Amino acid sequence: MLALIPALPLAAVAVNLILGDRLGRRGTAFLACGAVFASFVLAALSVIHLASLPPGARTMVADVYTWMRVGDFKVDVAFLLDPLSSVMVLVVTGVGFLIHLYSVGYMAHDASFRRFFLYLNLFMFAMLTLVLAKNFLVMFVGWEGVGLCSYLLIGFWMDRPSAARAGMKAFVVNRIGDFGFLLGMLTLFAWTGSLDYERVFAAAPIVFHPGTLAITFATLALLLGATGKSAQIPLYTWLPDAMEGPTPVSALIHAATMVTAGVYMVARCHILFTMAPFSLETVAVIGAATALFAATIGVAQNDIKRVLAYSTVSQLGYMFFACGVGAFGAGIFHLMTHAFFKALLFLGAGSVIHALSGEQDMRKMGGLASRLPWTHGVMLVACVAIAGIPPFAGFFSKDEILSAAFASGHYGVWVAGLLGAVLTAFYMFRLYFLTFRGSSRLTHEAEHHLHESPAVMVAPLVVLAALSVVGGFVGLPFQEGGRRLTTLEGGAALERWLAPVFGEGGAAGASHAVPHLSFTTEWALIAVSVAAAAFGIAMASRAYAKAAGEPIAEKAPRLYGLLEHKYWIDELYDTIAVRPIRALGDVLWRFWDEKIVDGTVNGVAYVVEWASAVLRVFQTGFVGTYALFLTLGVAALIAHYLVR
Amino acid sequence: MMPFTMPSLIAVDWWALGAVIALSVGAMLLLVLEFVPAPPASNRGAFVTLLALLAAAGSVLEVRDARRSLFDGMFLHDGFTVFFTVLFCVIGAVAVLQSWDYVKRTRINHGEYYALLLSSTLGMVLMAASNDLITIFLGLELMSLALYVLVGFRRTRLDSSEAAMKYFLLGAFASGFLLYGIALLYGATGTTNLAKVAMFLADSPMIGNPMLIVGGLLLLVGFGFKVAAVPFHMWTPDAYEGAPTTVTGYMSAGAKAAGFAALLRVLLVAFPPLMSEWRPILSWIAALTMTVGNVTALLQTNVKRMLAYSSIAHAGYLLVAVVAGGLDGGSAALFYLAVYSFMNLGAFGVLALLGRGAEERVTIKDLAGLGFRSPMLGLAMTVFMLSLGGVPPTSGFMGKVYLFSVAVKAGLIPLVIVGVLNSVVSVFYYLRVTVAMYMQEPGAEPVEIAWAPSAAIAVVITLALTLWWGVQAQDLLTTAQRSILGLL
Amino acid sequence: MMHDIPLAWMLALSATVFVIGVVGVLVRRNALVIFMSIELMLNAGNLAFVAFSRALGSLDGQVFVFFVMTVAAAEVAVGLAIIVNVFRLKETIYVDEINLLKG
Amino acid sequence: MTLALFAAFAALLVGCSLMVILHRNPVASALFLVLAFCSLAGLYLLLHAEFVAMVQVIVYAGAIMVLFLFVIMYLNLRHDVEQGIAVAVRRGAGWILGILLLAETVAFFKGRWAEGPVSAPDLAPVAGNTQAIGQVLYTRYLFPFEITSVLLLVAMVGAVVIAKGRGPGLHPAAPAADAAADAKAAAPDHAGGEA
């Protein structure tokens with residue numbers, strides 16, 4: 001049954017390929033969504049069955065066949081459902097189904113409707129293979145598969161050169177990450193003699209000494225793979241460019257599922273990472289740096305999807321540093337809530353873009369709240385959720401991460417996370433105000449075509465909005481009867497669920513258990529993080545609530561002049577906070593992001609191309625040259641022996 | 001003095017020798033058939049060739065579990081021989097299917113073409129089956145001579161002739177080194193029989209003897225030339241580009257596999273005592289070969305030439321397996337050779353379909369938009385490119401994973417890092433083909449696709465094998481392991 | 001006639017001829033002369049074979065020479081045909097004037 | 001006596017080999033090659049390889065080199081033009097590399113010279129070893145011997161395929177009359193070279 005979950009989308013792909021255009025649009029949509037929905041139902045049934053097992057024995061395994069066997073080394077095509085992968089599989093199929101549904105409306109007028117769903121189903125297959133894999137090799141297949149599909153989908157509108165370029169970039173950067181994954185995998189294999197999770201994790205404490213070079217190398221190589229897939233420093237540049245793809249793709253692949261694969265992989269290998277403290281510290285530092293850094297850049301973006309893209313990078317940073325401070329459960333928790341509200345944000349943005357016939361520049365929006373009531377409502381929910389205002393989903397997971405960072409003594413990381421939280425609230429509400437509030441800055445034509453999205457698009461939005469509201473409650477200690485409204489004790493529902501994988505308290509292994517915080521400290525931390533979010537929202541509202549259009553100024557210039565002085569506080573804010581942050585974001589984006597990071601990537605490419613050109617010079621086409629090199633080779637071989 | 005004895009032909013296992021007989025008889029039959037007129041539309045030559053290849057493969061498979069030593073230990077029939085004989089025959093058969101229409105289209109004399117194809121297959125079989133440097137040398141020359149001619153077969157075209165000349169001159173040059181190496185080895189050990197060389201080295205380890213070392217090095221040069229290892233690789237792109245496309249596919253798969261077969265047999269049978277001597281050298285050559293091949297391929301605009309560099313790079317990966325040595329390394333090499341042969345043959349097979357008549361349309365530009373104009377062809381080419389780049393779930397991926405894991409196990413971590421990094425780089429240029437096919441508009445004069453049923457069959461066969469071995473690698477892996485067992 | 005030439009001398013001679021052949025390949029531009037130089041290399045190998053055969057007291061080396069000669073004859077037939085064909089198309093056999101294929 | 005003969009043949013061999021690669025005229029090169037082969041045959045005689053010596057003269061000097069000369073004449077080749085910086089550079093590199101190779105080998109062999117297997121049995125003294133070779137060839141080496149037959153067949157077919165007739169698209173070569181005249185013109189050169 002387990003194998004059916006990824007197999008269904010694959011079957012849909014096959015049917016799609018075989019029947020081709022005979023399917024028709026309706027048939028295609030039904031096939032694609034149906035397959036994913038069936039997967040979701042199957043996944044839900046499996047998880048329910050899993051829950052019925054005693055906590056210690058919550059694993060379901062499906063061996064399909066033996067892939068390769070060399071002596072005692074054996075790799076099966078096999079799937080595993082345990083509490084960790086169950087969270088992932090539900091998120092992937094659930095959110096995936098909603099996005100499939102949404103796409104039916106969003107892509108309704110696209111000429112390549114069938115091709116889109118073909119790729120999308122292929123992606124679902126790869127992603128489900130990734131999360132359900134029982135060993136590293138099967139995971140790697142999914143890993144490469146999602147990369148490939150991401151490439152295909154980013155470049156979906158291939159008549160746009162920028163789309164083709166972005167797809168290429170995504171693929172290449174991902175390949176660098178894959179290099180790390182492969183290397184880490186091979187190292188693990190060399191030491192443990194297996195690629196099966198169970199056997200690797202069982203053998204690891206025996207064959208590796210904690211903190212030695214081998215385990216550090218292996219985990220760092222895996223981390224490189226994770227940073228590539230999850231768009232962390234230094235391999236994040238592909239994600240903002242990936243926004244060239246259709247918006248549902250951004251929601252599904254570049255927000256909810258594929259990009260979280262890196263986090264999932266780190267969490268999956270938590271046993272290895274906890275054995276390599278240096279690697280774990282690196283995870284924390286990379287995560288915190290990315291969280292803060294991407295949030296800063298997000299402030300400076302005007303393209304609605306790029307804001308969300310940098311926001312995704314930043315939120316993934318939170319998940320990473322949760323893992324880095326040992327709170328793997330908190331990382332997965334945030335992964336889940338993030339999937340809800342970020343998918344919602346993207347789909348909402350897509351709805352806006354759809355309504356505006358493709359406009360993505362927020363400077364040309366505004367005042368859409370009344371025109372797109374549904375979209376406005378769900379977007380507001382999502383913004384509140386991501387900003388971390390209780391009792392929305394984002395609050396619980398983010399707070400859990402921050403208090404874990406504080407509790408484990410990573411104060412620097414905690415401060416970075418807190419600053420990031422301020423910025424997150426700021427740029428999200430900047431987006432909200434610029435898009436939905438203020439006066440309309442639409443072109444006449446856009447105004448004319450403005451319409452709310454069809455029901456098939458709105459329905460998934462509403463479901464996701466509901467999830468964004470209640471999704472965080474799994475972090476509550478239900479069974480404790482609300483004795484304490486906080487987490488970190490082993491009581492929270494999600495953490496109890498994940499406990500067989502990560503151990504009690506979301507931390508792996510007793511050695512790395514997060515110390516418990518006192519009741520007061522916890523509440524203080526909650527207060528601080530809520531205050532941070534509120535501060536960010538306040539700043540955004542001051543700066544942008546009446547932004548750009550300045551309706552009062554137009555209608556009553558005199559009155560506006562009078563009121564102007566009352567707003568001096570705004571200007572103060574503007575000068576001391578908003579402007580510097582925007583400027584910083586701008587500098588980081590234009591200089592660091594585009595020059596340094598992109599420059600490095602391009603630089604490497606140039607060096608390789610240069611080397612290629614040089615090598616081609618030697619290939620003169622003359623027999624004499626070739627013979628000369630051959631003889632040189634012979635001379636070098638003999639010389640090698642002579643000097644030895 | 002030796003008493004005069006009739007060679008004991010009666011005792012020869014004719015099944016074991018069946019491949020040699022079938023291939024040589026087939027070649028002669030083709031030449032004789034040239035004198036029997038046939039309707040112009042007939043493809044008699046291709047039929048006969050296919051039959052001969054089938055007979056050859058069938059005959060060794062008939063006695064696949066037997067182990068025979070024929071002609072005083074010169075010709076060995078063991079698992080290794082069976083594996084390579086069948087591999088060469090299938091490669092040859094696929095090449096025949098690809099040539100079926102191509103040869104007629106480009107107005108190549110088919111009788112001689114197929115006869116030479118069979119002869120070079122015979123040479124390859126001999127290289128793999130020989131246990132004596134004399135027969136290895138003769139097999140190599142037989143294969144090479146036929147290939148020199150095949151490369152220059154479009155003799156009215158300068159590029160083809162030029163390619164043949166370069167290949168020939170450099171090949172003969174390398175043969176000179178190889179021959180001298182064999183001479184020195186003969187002088188150092190008193191025999192050319194590999195098993196006896198091994199026995200001799202085991203009895204009196206004379207590691208320091210310069211004759212032995214220089215001889216071994218020159219042998220390495222000779223085989224390195226055939227498998228296109230840096231710095232003996234420079235003929236490859238020119239010869240591959242100039243040759244008729246079907247010949248390029250055939251030689252990139254067959255000749256390379258044959259070179260590695262001989263190299264493996266020599267290294268694993270005769271020279272295990274000298275392992276510590278040749279391992280570092282081969283490691284350097286492997287690293288260089290991977291890097292130079294991949295990096296130079298990056299800027300190529302001619303796909304045939306690009307694939308030539310890619311085949312150099314693949315020789316580098318294969319050398320990693322050879323360096324790893326032993327049962328694991330050997331079976332990884334065999335596995336990878338089989339996998340590589342078919343994905344490469346497939347890619348060249350697709351290229352051979354492009355263009356009308358004798359024209360050749362194999363630049364990246366010519367491929368633009370191919371994915372839409374011919375979806376199946378585009379899909380096949382994409383799979384071959386992904387497989388060459390080592391992306392799952394293709395056979396190329398399984399080959400690389402197995403090969404690199406074997407190398408890691410053998411402690412060759414630096415080499416594996418170089419290899420994995422190289423396979424990352426390689427995706428750049430393999431992807432350019434896909435990008436051209438799916439993301440670029442065809443030019444003013446879109447390339448004509450010369451579909452033919454036989455070529456379609458060849459594409460399907462190569463595609464199926466490439467995918468099948470990616471999804472289910474176990475059979476091939478077991479076969480490769482069983483085959484290498486006889487050598488150790 | 002009964003005392004033999006030392007093996008080392010024969011080897012030195014054969015190595016010299018071999019290197020002369022290699023140099024010939026490297027310095028000449030006429031494909032035919034290059035080919036002749038390759039023949040020199042092959043013959044140097046033959047000389048080594050015969051010398052070893054004598055030193056080892058086995059006939060294998062001489063038989064090998066016989067095979068090498070056959071191979072050389074075959075190579076000459078094919079090689080000259082190829083060179084003649086190139087000349088027909090390009091009117092030159094200077095290898096440094098023939099580089100249509102390069103890069 | 002043996003030593004003197006060896007010295008003479010060796011000197012002739014090295015001298016002629018050098019002339020092969022030094023002489024500008026391909027015809028002269030070919031003729032020097034013939035001479036080199038003949039001196040090799042002499043060396044083979046010294047090594048008691050009578051059969052090989054004979055074949056050397058008959059096959060190499062007699063057949064192969066005639067083919068070479070025929071092609072040189074057919075292609076109407078005169079003095080090679082060896083001018084220009086590129087040629088000079090290549091020439092320099094070639095010589096340096098050659099000398100390096102030789103020096104390396106000498107250094108290598110001088111450092112740790114070792115004979116091959118020393119305990120080899122001596123050859124039974126026979127009057128000419130042709131019979132012995134024949135016996136070995138048709139018994140132990142029967143298989144490679146048969147392979148050479150295929151090899152020669154391939155060579156034949158290959159040569160015919162590549163060189164037969166002028167197909168469409170081939171440029172006409174120099175007229176035959178010219179070739180003959182040029183061959184005559186080339187003759188004095190090689191005579192001079194030999195002297």
Side-chain angles (χ1 to χ4, degrees), chain C residues 1 3-5 7-10 13 15-17 19-24 26-30 32-33 36-37 39-40 43 46-47 50-60 62-63 65-67 69-78 80-85 87-89 91 93 96, chain D residues 1-2 6 10 13-14 17-18 20-21 26 29-30 33 37 40 43-44 46-49 52 55 59-60 63-64 67-68 71-72 75 80 86-87 90-91 94-95 97-98 101-102 105 115-117 120-123 132-133 136-137 141 144 148 151-152 155-156 158-159 162-163 170-171 173:
Chain C
M1 285 286 277
H3 56 279
D4 273 338
I5 309 298
L7 176 61
W9 294 16
M10 277 294 179
L13 179 61
T16 312
V17 175
V19 172
I20 290 174
V22 172
V23 172
L26 296 183
V27 300
R28 295 302 294 256
R29 58 201 293 243
N30 185 326
L32 279 172
V33 181
M36 288 186 217
S37 307
E39 291 299 328
L40 270 182
N43 274 283
N46 281 353
L47 180 57
V50 176
F52 283 131
S53 165
R54 177 70 188 167
L56 296 168
S58 82
L59 273 179
D60 298 351
Q62 295 187 28
V63 176
V65 170
F66 173 79
F67 288 126
M69 283 184 193
T70 319
V71 167
E75 265 189 0
V76 167
V78 171
L80 289 181
I82 289 173
I83 293 174
V84 167
N85 197 47
F87 184 80
R88 279 192 194 149
L89 295 169
E91 296 277 324
I93 54 167
D96 53 358
Chain D
M1 175 62 188
T2 315
F6 172 74
L13 175 59
V14 172
S17 307
L18 278 174
V20 170
I21 68 165
S29 289
L33 194 56
F37 288 162
L40 258 175
L43 285 167
Y44 291 158
L46 284 184
L47 288 166
H48 297 273
V52 175
V55 176
V59 174
Y60 254 120
I64 295 183
L67 204 55
F68 261 102
V71 169
I72 296 171
L75 297 185
D80 282 354
V87 171
R90 201 150 54 75
R91 182 173 283 244
W95 278 108
L97 205 53
L101 212 54
L102 205 55
T105 320
E115 294 254 341
D122 212 344
L123 264 191
I133 291 217
V136 180
L137 203 54
Y141 289 98
T148 50
L151 193 73
L152 289 172
M156 206 168 70
I162 295 282
L170 281 176
H171 299 295

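Below, all heavy atoms of this structure are taken into account, side chains as well, without hydrogens, waters or symmetry copies. Since the structure is predicted, the reported quantities are computational estimates derived from the model, not experimental observations. Just so we're on the same page: letters track the sequence lines, and every chain starts at 1.
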Asks: With a 4.5 Å cut-off on heavy-atom pairs, point out which of C/V84, C/V17, C/V63, C/V65 contacts chain D the most.
Replies: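 With the most close heavy-atom pairs to chain D, the winner is C/V63.
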Asks: Considering only heavy atoms, which portion of D/F68 lies under 4.5 Å from any heavy atom of chain C: side chain, backbone, both, or neither?
Replies: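 For D/F68, the contact with chain C is made by backbone and side chain together.
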Asks: Can you measure from CG (C/N30) to OG (D/S29) and round to the nearest 0.5 angstrom?
Replies: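 Between C/N30 CG and D/S29 OG, I get 8.0 Å after rounding to 0.5 Å.
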Asks: Please report the closest heavy-atom contact between C/M36 and D/I72, naming both atoms and the distance.
Replies: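 In terms of heavy atoms, the two residues are closest at CE-CD1, 3.6 Å.
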Asks: Identify the two heavy atoms, one from D/I21 and one from C/S37, that lie closest to each other, and give their separation to 0.1 Å.
Replies: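 Shortest heavy-atom separation between D/I21 and C/S37 comes out as CG2-OG, 3.7 Å.
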Asks: Take C/N46 and D/L40 through the side-chain contact (heavy atoms from CB on, under 4.5 Å) test and state the conclusion after the steps.
Replies: CA-CA 9 Å; C/N46 281 353; D/L40 258 175; over 6 Å; no
Asks: Given the rule in the side-chain contact (heavy atoms from CB on, under 4.5 Å) test, do C/V78 and D/I162 qualify, once you have shown the distances and angles that lead to the verdict?
Replies: CA-CA 8 Å; C/V78 171; D/I162 295 282; 5.9 Å; no
Asks: From D/L137 CG over to C/F66 CZ, what is the distance, rounded to the nearest 0.5 angstrom?
Replies: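 Separation between the atoms: 5.0 Å.
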Asks: Among the options C/T16, C/T70, C/I20, C/V76, pick out the one with the most heavy-atom pairs lying under 4.5 Å from chain D.
Replies: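 Going by pairs under 4.5 Å, I would pick C/I20.
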Asks: Determine whether the side chains of D/Y44 and C/Q62 contain a donor N or O and an acceptor N or O closer than 3.5 Å.
Replies: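 No - no donor-acceptor pair under 3.5 Å links their side chains.
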Asks: Locate the shortest heavy-atom distance separating D/R91 from C/V27; write the atom from each residue and the value.
Replies: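 Distance-wise, the nearest heavy atoms are O-CG1, 3.4 Å.
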Asks: Roughly how far apart are C/L40 CG and D/L13 CG, rounded to 0.5 Å?
Replies: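 Here the rounded value is 8.0 Å.
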Asks: Could you measure the distance from the CG atom of C/L13 to the CG atom of D/L43? Nearest 0.5 Å is fine.
Replies: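 C/L13 atom CG to D/L43 atom CG measures 6.0 Å (nearest 0.5 Å).
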Asks: Chain D heavy atoms under 4.5 Å from C/V50: which part of the residue, side chain, backbone, both or neither?
Replies: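 Both backbone and side chain.
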Asks: Only pairs of heavy atoms separated by less than 4.5 Å count here; which of D/L101, D/V55, D/L97, D/V59 has the most with chain C?
Replies: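 Of D/L101, D/V55, D/L97, D/V59, D/V55 has the most heavy-atom pairs under 4.5 Å with chain C.
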Asks: Who pairs with D/Y141 by ring-ring contact (aromatic ring centres under 6.0 Å, His included), at least two apart in sequence or on another chain?
Replies: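 Scan of D/Y141 (ring-ring contact (aromatic ring centres under 6.0 Å, His included), adjacent residues dropped) gives none.
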Asks: C/D96 versus chain D, heavy atoms under 4.5 Å apart: side chain, backbone, both or neither?
Replies: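 Looking at C/D96, just its side chain touches chain D.
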Asks: What distance separates C/E75 CD from D/L151 CG, expressed to the nearest 0.5 Å?
Replies: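 Nearest 0.5 Å value for the CD-CG distance: 8.5 Å.
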Asks: Using the rule given for side-chain contact (heavy atoms from CB on, under 4.5 Å), can you reason through D/V71 versus C/L32, listing the C-alpha separation, both sets of side-chain angles and the distance that settles it, and then say yes or no?
Replies: CA-CA 9 Å; D/V71 169; C/L32 279 172; 4.1 Å; yes
Asks: Quick check on D/A30 against chain C: is it the side chain, the backbone, both or neither that has a heavy atom closer than 4.5 Å?
Replies: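 Both parts, heavy atoms under 4.5 Å.
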Asks: Where is the tightest heavy-atom contact between D/A132 and C/L59, given as atom of each residue plus distance?
Replies: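 Taking D/A132 first and C/L59 second, the nearest heavy atoms are CB-CD1, 3.4 Å.
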Asks: With a 4.5 angstrom heavy-atom cut-off, which part of D/L33 approaches chain C: side chain, backbone, both or neither?
Replies: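 Interface part for D/L33: side chain.
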Asks: For D/L47 and C/R54, which heavy atoms make the closest approach, and how far apart are they?
Replies: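 Where D/L47 meets C/R54 most closely, the heavy atoms are O-CD, 3.4 Å.
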Asks: Distance from D/I64 atom CD1 to C/E39 atom CD, nearest 0.5 Å?
Replies: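 If we round to the nearest 0.5 Å, D/I64:CD1 and C/E39:CD are 5.5 Å apart.
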